[in-house]
Peer 1: 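Just passing along the structure, written as structure tokens.
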Amino acid sequence: QVQLVESGGGLVQPGESLRLSCAASGSIRVIYLMAWYRQAPGKQRELVASITLTDTTNYADSVKGRFTISRDNAKNTVHLQSNSLKPEDTAVYYCNADISPLDWGPRRNYWGQGTQVTVSE
């Protein structure tokens with residue numbers, strides 16, 4: 001199976017930055033897409049940013065110009081550089097990926113455990 005392990009969350013003040021990381025491990029042949037979602041209490045989980053096999057990126061309007069998603073294929077990792085953080089960015093951030101296994105099976109979708117980001121004075 002595949003595991004997604006996240007790191008980099010924490011408590012910061014408005015205007016500061018965080019770099020979130022997600023490392024995929026296990027039976028991996030191809031990672032087609034990696035993405036970051038977030039969910040605040042009482043809110044729906046929303047897509048923050050995604051990056052495809054061909055490095056096409058997509059961002060939520062609320063983070064455009066502030067967040068940057070990138071991937072390191074050699075390390076099976078994805079990063080989210082989050083700058084100029086605002087209180088409304090406070091949420092649990094989840095890593096998500098579409099991955100095909102070494103045994104030539106179909107793509108499957110996986111979730112990480114989530115990491116807390118809190119932006120507060």
Peer 1: What distance do Ser21 atom OG and Lys75 atom NZ have between them, rounded to the nearest 0.5 Å?
Peer 2: 9.5 Å
Peer 1: Membership question, hydrophobic clusters at under 4.5 Å side-chain separation (ILVMFWY): are Tyr37 and Ile51 in the same one?
Peer 2: no
Peer 1: Keeping Asn96 on the side-chain end and Tyr110 on the backbone end, is there a donor-acceptor pair under 3.5 Å?
Peer 2: yes
Peer 1: Short question: side chain of Tyr59, backbone of Ile69 - any donor-acceptor pair under 3.5 Å?
Peer 2: yes
Peer 1: Can you see which heavy atom on Ser100 is nearest to which on Gly105, and at what distance?
Peer 2: CB-O, 4.0 Å
Peer 1: Could you check whether any side-chain N or O of Thr90 sits under 3.5 Å from a backbone N or O of Val119, counting only pairs where one atom can act as donor and the other as acceptor?
Peer 2: yes
Peer 1: Any chance you could lay out the side chain to side chain donor-acceptor pair (under 3.5 Å) test for His79 and Ser70, step after step, and finish with the verdict?
Peer 2: CA-CA 5 Å; His79 304 281; Ser70 61; 5.4 Å; no
Peer 1: Flag yes if more than 12 heavy atoms outside Glu88 fall under 6.0 Å of its CD atom; otherwise flag no.
Peer 2: yes
Peer 1: Which pair of heavy atoms, one from Ala91 and one from Ala40, lies closest together, and at what distance?
Peer 2: CB-N, 3.9 Å
Peer 1: Considering all heavy atoms of both residues, which atom of Ser84 and which atom of Ser17 are nearest to each other, and what is their separation?
Peer 2: N-OG, 4.1 Å
Peer 1: Within the side chain of Ser27, is there an N or O that forms a donor-acceptor pair under 3.5 Å with the backbone of Leu102?
Peer 2: yes
Peer 1: Is a side-chain N or O of Arg71 found less than 3.5 angstrom from the main chain of Ile31, in a donor-acceptor match?
Peer 2: yes
Peer 1: Indicate if Leu20 and Val78 have the same hydrophobic cluster label, given that clusters are the connected sets of ILVMFWY residues with side-chain heavy-atom separations under 4.5 angstrom.
Peer 2: yes
Peer 1: Are Asp103 and Arg29 close enough for a salt bridge, meaning some N to O gap below 4.0 Å?
Peer 2: no
Peer 1: CZ of Phe67 to CG of Leu80: how many Å apart, nearest 0.5 Å?
Peer 2: 6.0 Å
Peer 1: In terms of side-chain geometry, is the basic nitrogen of Lys86 or Asp89 positioned less than 4.0 Å from the acidic oxygen of its partner?
Peer 2: no
Peer 1: At their closest point, which heavy atom of Leu4 faces which heavy atom of Ala24, and how far apart are they?
Peer 2: CD2-CB, 3.5 Å
Peer 1: Do you know which two heavy atoms are closest between Ile99 and Val2, and how far apart they sit?
Peer 2: CD1-CG1, 3.6 Å
Peer 1: Using 0.5 Å steps for rounding, measure from the CD1 atom of Ile28 to the CD atom of Gln1.
Peer 2: 11.0 Å
Peer 1: Side chains of Thr115 and Arg38 only: does a donor on one sit below 3.5 Å from an acceptor on the other?
Peer 2: no
Peer 1: Please report the shortest heavy-atom distance between Asn76 and Met34, naming the atom on each side.
Peer 2: O-CE, 4.3 Å
Peer 1: For Cys95, is there any backbone N or O sitting under 3.5 Å from a side-chain donor or acceptor partner on Glu6?
Peer 2: yes
Peer 1: Just say parallel, tilted or perpendicular for the rings of Trp111 and Tyr94, cut-offs at 30° and 60°.
Peer 2: perpendicular
Peer 1: Thr118 and Ser120: side-chain donor and acceptor closer than 3.5 Å?
Peer 2: no
Peer 1: Same cluster or not: Trp36 versus Leu33, using hydrophobic residues (I, L, V, M, F, W, Y) connected whenever any side-chain heavy atoms lie under 4.5 Å apart?
Peer 2: no
Peer 1: Could you walk me through whether Asn58 and Leu47 pass side-chain contact (heavy atoms from CB on, under 4.5 Å), step by step?
Peer 2: CA-CA 9 Å; Asn58 181 261; Leu47 177 67; 4.0 Å; yes
Peer 1: Backbone N or O of Asp98 within a donor-acceptor pair of the Arg107 side chain at under 3.5 Å?
Peer 2: no
